[in-house]
Chemist: 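Take this structure first; my questions come after.
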Amino acid sequence: MYIKRLTAQNLRNLPASCFDFTPGLNVIVGPNASGKTNLLEALHIALTGGSYRMNTLAECIHFQFDFAQIQLLLESSDAWQETIAIQIKENSKKIILNDKTVQSLTGLFPLVTWMPEDLDIIRAGPKYRRQFLDHILSIQDPLYLYHSKRLAGALKQKNTALKLKHFSSIDAINPEVASASIYLSAARLRLMKALQEPFCSAMQQLRFGNEHELRIKSHCLVSFEEMLHALKRVKPQEVMSKSTLKGAHLDDMEILLGGVSARRFASLGQSRALVAALKIAQVRLLGDLTPLLLIDEVGMGLDKERMEAVWELMGGWQQAVVTTPDLGKANIHSLMGEFNKITLPLP
């Protein structure tokens with residue numbers, strides 16, 4: 001499937017207009033603050049039901065209005081079409097897929113995003129690395145979503161019990177925490193092993209010759225009985241902290257550069273290359289699903305030679321939507337040849 005048309009209404013500074021896209025490369029061109037990133041965000045919301053920039057979609061509504069709406073038309077090579085409509089209000093969100101209301105779009109449309117904020121995968125806390133893994137797994141494994149919801153529900157119950165000092169209910173909740181955590185951590189470990197070869201290969205082809213490694217830091221890669229015992233052992237500390245101290249919600253993906261932590265020691269240039277290699281590995285891993293690409297500020301601070309290598313290594317996608325303030329500096333023509341151009345702001 002590829003994106004054919006997007007209509008946005010009252011979304012940030014985007015005008016109420018239709019934007020048409022084609023298979024292959026689509027380039028959104030315009031000066032800063034013209035709405036390029038907002039258009040990418042609208043596509044992301046329509047494909048996933050959520051924003052990669054904000055915790056709540058209500059923050060995306062233009063300040064002069066009390067609602068926003070996004071409509072997306074997707075089409076396949078055999079002319080099969082799907083429609084998505086997202087209706088956003090201050091305290092509610094409605095998702096309509098092919099004229100039927102659904103609760104979530106997570107995992108339905110293979111998507112790879114590459115944004116300036118993705119440097120957080122390398123340089124910020126574990127949450128961002130878990131989100132990177134979780135996004136891939138939600139596409140690959142429907143059961144992963146089920147166990148993610150199981151864990152989130154169990155953690156909410158347990159943390160509430162800890163805060164309210166309902167300690168007698170904690171032992172009944174712990175098996176749910178243990179079971180879901182073991183599944184999630186094992187899935188993350190398998191994914192990291194699958195990412196290792198394409199990630200390291202991409203780093204070498206981007207001319208970073210040091211050894212690179214992905215490892216998972218988790219205390220949930222144990223048996224169910226061992227996990228239950230660990231939860232029982234930390235119960236006094238959990239009572240003191242009023243939070244759950246064992247579980248897959250604390251997993252981290254460790255990225256090593258030449259044997260040392262990339263989070264602590266990678267330069268800005270190395271961090272950008274590491275993100276590029278992770279995105280290349282992600283596209284390769286989802287290659288059979290021909291994912292859609294959304295890339296904000298194409299180039300991401302990489303030099304021309306490395307950006308050319310990125311495009312060459314990123315084979316396997318059927319449509320990309322990228323933004324740039326300057327076509328010349330982005331070297332789009334030399335990288336990709338023909339493309340569909342969308343100019344912002346609209347006249």
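Predicted model, so just to flag it, every value in this text is computed and none were measured. Computation of the quantities below employed the complete heavy-atom set of this structure, encompassing side-chain atoms and omitting hydrogens, waters and symmetry-equivalent molecules.
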Chemist: Determine whether a donor-acceptor pair (N or O, by modelled atom type, separation under 3.5 Å) exists between the side chain of Asn98 and the backbone of Thr83.
Modeler: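 Yes; at least one donor-acceptor contact below 3.5 Å.
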Chemist: Can you measure from NE2 (His229) to OG (Ser223) and round to the nearest 0.5 angstrom?
Modeler: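 Result: 10.5 Å between the selected atoms.
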Chemist: Using every non-hydrogen atom in the two residues, find where Val177 and Lys246 come nearest and quote the distance to one decimal.
Modeler: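 Answer, listing the atom of Val177 first, then Lys246: CG1-O, 3.9 Å.
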Chemist: Applying side chain to side chain contact (heavy atoms under 4.5 Å, CB included) to His62 and Phe65, what does each step give before you reach the verdict?
Modeler: CA-CA 6 Å; His62 191 285; Phe65 301 92; 3.8 Å; yes
Chemist: Report yes if the side chains of Trp114 and Val310 come closer than 4.5 Å at any heavy-atom pair, otherwise no.
Modeler: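 Heavy-atom side-chain distance check passes, below 4.5 Å.
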Chemist: Check whether Leu191 and Leu189 end up in the same hydrophobic cluster, where Ile, Leu, Val, Met, Phe, Trp and Tyr are linked by side-chain heavy atoms less than 4.5 Å apart.
Modeler: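 Leu191 and Leu189: one cluster.
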Chemist: Is any side-chain heavy atom of Cys60 closer than 4.5 Å to one of Ile45?
Modeler: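 Heavy-atom side-chain distance check passes, below 4.5 Å.
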Chemist: Is there a side-chain contact between Phe339 and Asn26 in this structure, where contact means two heavy atoms from C-beta onward sitting under 4.5 Å apart?
Modeler: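 Not touching, per the 4.5 Å side-chain cut-off.
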Chemist: Hey, what do you get for CZ (Arg263) to OH (Tyr128), rounding to the nearest 0.5 Å?
Modeler: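 Rounded to the nearest 0.5 Å, the CZ-OH separation comes to 10.5 Å.
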Chemist: Restricting to non-hydrogen atoms, name the atom on Asp251 and the atom on Cys220 that form the minimum distance, rounded to 0.1 Å.
Modeler: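 Here Asp251 and Cys220 meet closest at OD1-SG, 4.4 Å.
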Chemist: What's the verdict on side chain to side chain contact (heavy atoms under 4.5 Å, CB included) for Lys163 and Thr160, showing C-alpha distance, side-chain angles and the deciding distance?
Modeler: CA-CA 5 Å; Lys163 290 172 184 176; Thr160 298; 5.9 Å; no
Chemist: Find the distance between CG (Leu206) and CG (Leu274) and round it off to the nearest 0.5 Å.
Modeler: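 Reported to 0.5 Å precision, the distance equals 9.5 Å.
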Chemist: Step by step, work out the side chain to side chain contact (heavy atoms under 4.5 Å, CB included) result for Ile295 and Val321.
Modeler: CA-CA 6 Å; Ile295 304 179; Val321 182; over 6 Å; no
Chemist: Do side-chain atoms of Thr48 reach the backbone of Gly50 as a donor and acceptor pair under 3.5 angstrom?
Modeler: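 Looks like yes, one N/O pair under 3.5 Å.
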Chemist: Arg188 and Tyr183: side-chain donor and acceptor closer than 3.5 Å?
Modeler: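 Not at all, the side chains of Arg188 and Tyr183 share no donor-acceptor pair under 3.5 Å.
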Chemist: Measure from the side-chain N and O atoms of His219 to the backbone N and O of Gly247, and report whether any donor-acceptor pair falls under 3.5 Å.
Modeler: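 Present.
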Chemist: Charged N to carboxylate O under 4.0 angstrom, Lys235 versus Asp171?
Modeler: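 Here Lys235 pairs with Asp171 in a salt bridge, since their nearest N and O are under 4.0 Å apart.
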Chemist: Could you report the tightest heavy-atom contact between Phe224 and Ser179, atom names first, then the distance?
Modeler: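 Taking Phe224 first and Ser179 second, the nearest heavy atoms are CE1-N, 3.9 Å.
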Chemist: In the single-linkage hydrophobic clustering (I, L, V, M, F, W, Y; side-chain heavy atoms under 4.5 Å), do Leu286 and Tyr2 co-cluster?
Modeler: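 Shared cluster, no.
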Chemist: Looking at Trp80 and Ser77, would you say the former's side chain and the latter's main chain have a donor-acceptor pair under 3.5 Å?
Modeler: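 Such a contact is absent between Trp80 side chain and Ser77 backbone.
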Chemist: Between Leu294 and Leu73, is there shared hydrophobic-cluster membership here, with clusters defined by ILVMFWY side-chain heavy atoms closer than 4.5 Å?
Modeler: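 Each belongs to a different hydrophobic cluster.
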Chemist: Is it the case that Glu75 and Gln81 place a side-chain donor and acceptor less than 3.5 Å from each other?
Modeler: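 The answer is yes; a qualifying pair exists.
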Chemist: So, are Asp252 and Arg129 salt-bridged, with charged N and O less than 4.0 Å apart?
Modeler: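 Answer for the salt bridge query: yes.
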Chemist: Is a side-chain N or O of Asn38 found less than 3.5 angstrom from the main chain of Arg12, in a donor-acceptor match?
Modeler: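 Pair absent, no side-chain N/O of Asn38 close to backbone of Arg12.
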Chemist: Between Phe19 and Ile70, is there shared hydrophobic-cluster membership here, with clusters defined by ILVMFWY side-chain heavy atoms closer than 4.5 Å?
Modeler: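 As far as the 4.5 Å side-chain criterion goes, Ile70 and Phe19 are connected within one cluster.
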Chemist: Roughly how far, to the nearest 0.5 Å, is the CD1 atom of Ile139 from the CG atom of Leu289?
Modeler: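 Atom-to-atom, Leu289:CG and Ile139:CD1 are 7.5 Å apart.
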Chemist: Can you give me the closest heavy-atom contact between Ala58 and Ile88, atom names plus distance?
Modeler: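 Looks like N-CG2, 4.1 Å.
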Chemist: So which atom in Gly30 and which in Lys36 form the shortest heavy-atom distance, rounded to 0.1 Å?
Modeler: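 Answer, listing the atom of Gly30 first, then Lys36: O-NZ, 2.9 Å.
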Chemist: For Asp118, is there an ion pair with Lys279 - N to carboxylate O distance below 4.0 angstrom?
Modeler: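 Judged by the 4.0 Å cut-off on N to carboxylate O distance, Lys279 and Asp118 do form a salt bridge.
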Chemist: Check whether Ser185 reaches the backbone of Ile182 with its side chain - one donor and one acceptor, N or O, closer than 3.5 Å.
Modeler: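 Such a contact is absent between Ser185 side chain and Ile182 backbone.
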Chemist: Does any non-hydrogen side-chain atom of Tyr52 lie less than 4.5 Å from one of Met115?
Modeler: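 Heavy-atom side-chain distance check passes, below 4.5 Å.
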Chemist: Does Glu59 CD have over 12 foreign heavy atoms under 6.0 Å away?
Modeler: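 Check passes, neighbour count above 12.
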Chemist: Do Arg215 side-chain atoms and Ile255 backbone N/O form a donor-acceptor pair below 3.5 Å?
Modeler: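 Not confirmed, Arg215 side chain does not pair with Ile255 backbone.
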Chemist: Does some side-chain heavy atom of Leu292 sit less than 4.5 Å from a side-chain heavy atom of Leu47?
Modeler: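 Heavy-atom side-chain distance check passes, below 4.5 Å.
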Chemist: Keeping Glu176 on the side-chain end and Ala154 on the backbone end, is there a donor-acceptor pair under 3.5 Å?
Modeler: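 Flag not set: sc Glu176 to bb Ala154 has no pair under 3.5 Å.
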Chemist: For the residue pair Asp296 and Thr323, confirm or rule out a side-chain donor-acceptor distance under 3.5 Å.
Modeler: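 Result is yes, a qualifying pair exists.
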Chemist: State, yes or no, whether a side-chain contact exists between Arg53 and Thr37 at a heavy-atom distance under 4.5 Å.
Modeler: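 Side chain of Arg53 against side chain of Thr37, heavy atoms only: contact under 4.5 Å found.
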Chemist: With rounding to the nearest 0.5 angstrom, report the CG to NZ distance, Leu164 to Lys242.
Modeler: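 Between Leu164 CG and Lys242 NZ, I get 9.5 Å after rounding to 0.5 Å.
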Chemist: Please check: side-chain N/O of Gln196 versus main-chain N/O of His212, any donor-acceptor pairing under 3.5 Å?
Modeler: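 At least one qualifying donor-acceptor pair exists.
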Chemist: Is the shortest distance from a Lys or Arg side-chain nitrogen in Arg207 or Glu305 to a carboxylate oxygen in the other one below 4.0 Å?
Modeler: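 Salt bridge between Arg207 and Glu305, a charged N being under 4.0 Å from a carboxylate O: yes.
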Chemist: Distance check, rounded to the nearest 0.5 Å: Asp99 atom CG versus Leu97 atom CG?
Modeler: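 It is 9.0 Å, given to the nearest 0.5 Å.
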Chemist: What I'd like to find out is whether the side chain of Gln270 reaches to under 4.5 Å of the side chain of Phe208, using heavy atoms alone.
Modeler: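 Yes, side chains in contact.
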Chemist: Side-chain contact, heavy-atom cut-off 4.5 Å: Val29 with Leu344?
Modeler: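 No; the side chains remain at least 4.5 Å from each other.
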Chemist: Should Leu278 and Trp311 be regarded as members of a common hydrophobic cluster, given that ILVMFWY residues are connected when their side-chain heavy atoms come within less than 4.5 Å of each other, either directly or indirectly?
Modeler: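 The answer is yes; both residues are in one hydrophobic cluster.
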Chemist: Between His135 and Leu111 (side chain of the first, backbone of the second, donor and acceptor by atom type, cut-off under 3.5 Å), is there such a pair?
Modeler: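 Pair found, side chain donor or acceptor close to backbone of Leu111.
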Chemist: Is there a side chain to side chain contact (heavy atoms under 4.5 Å, CB included) between Glu238 and Leu231 once you walk through the steps?
Modeler: CA-CA 9 Å; Glu238 290 182 334; Leu231 286 166; 4.2 Å; yes
Chemist: So which heavy atom on Asn10 is nearest to which on Ala68, and how close?
Modeler: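 Taking Asn10 first and Ala68 second, the nearest heavy atoms are O-CB, 3.5 Å.
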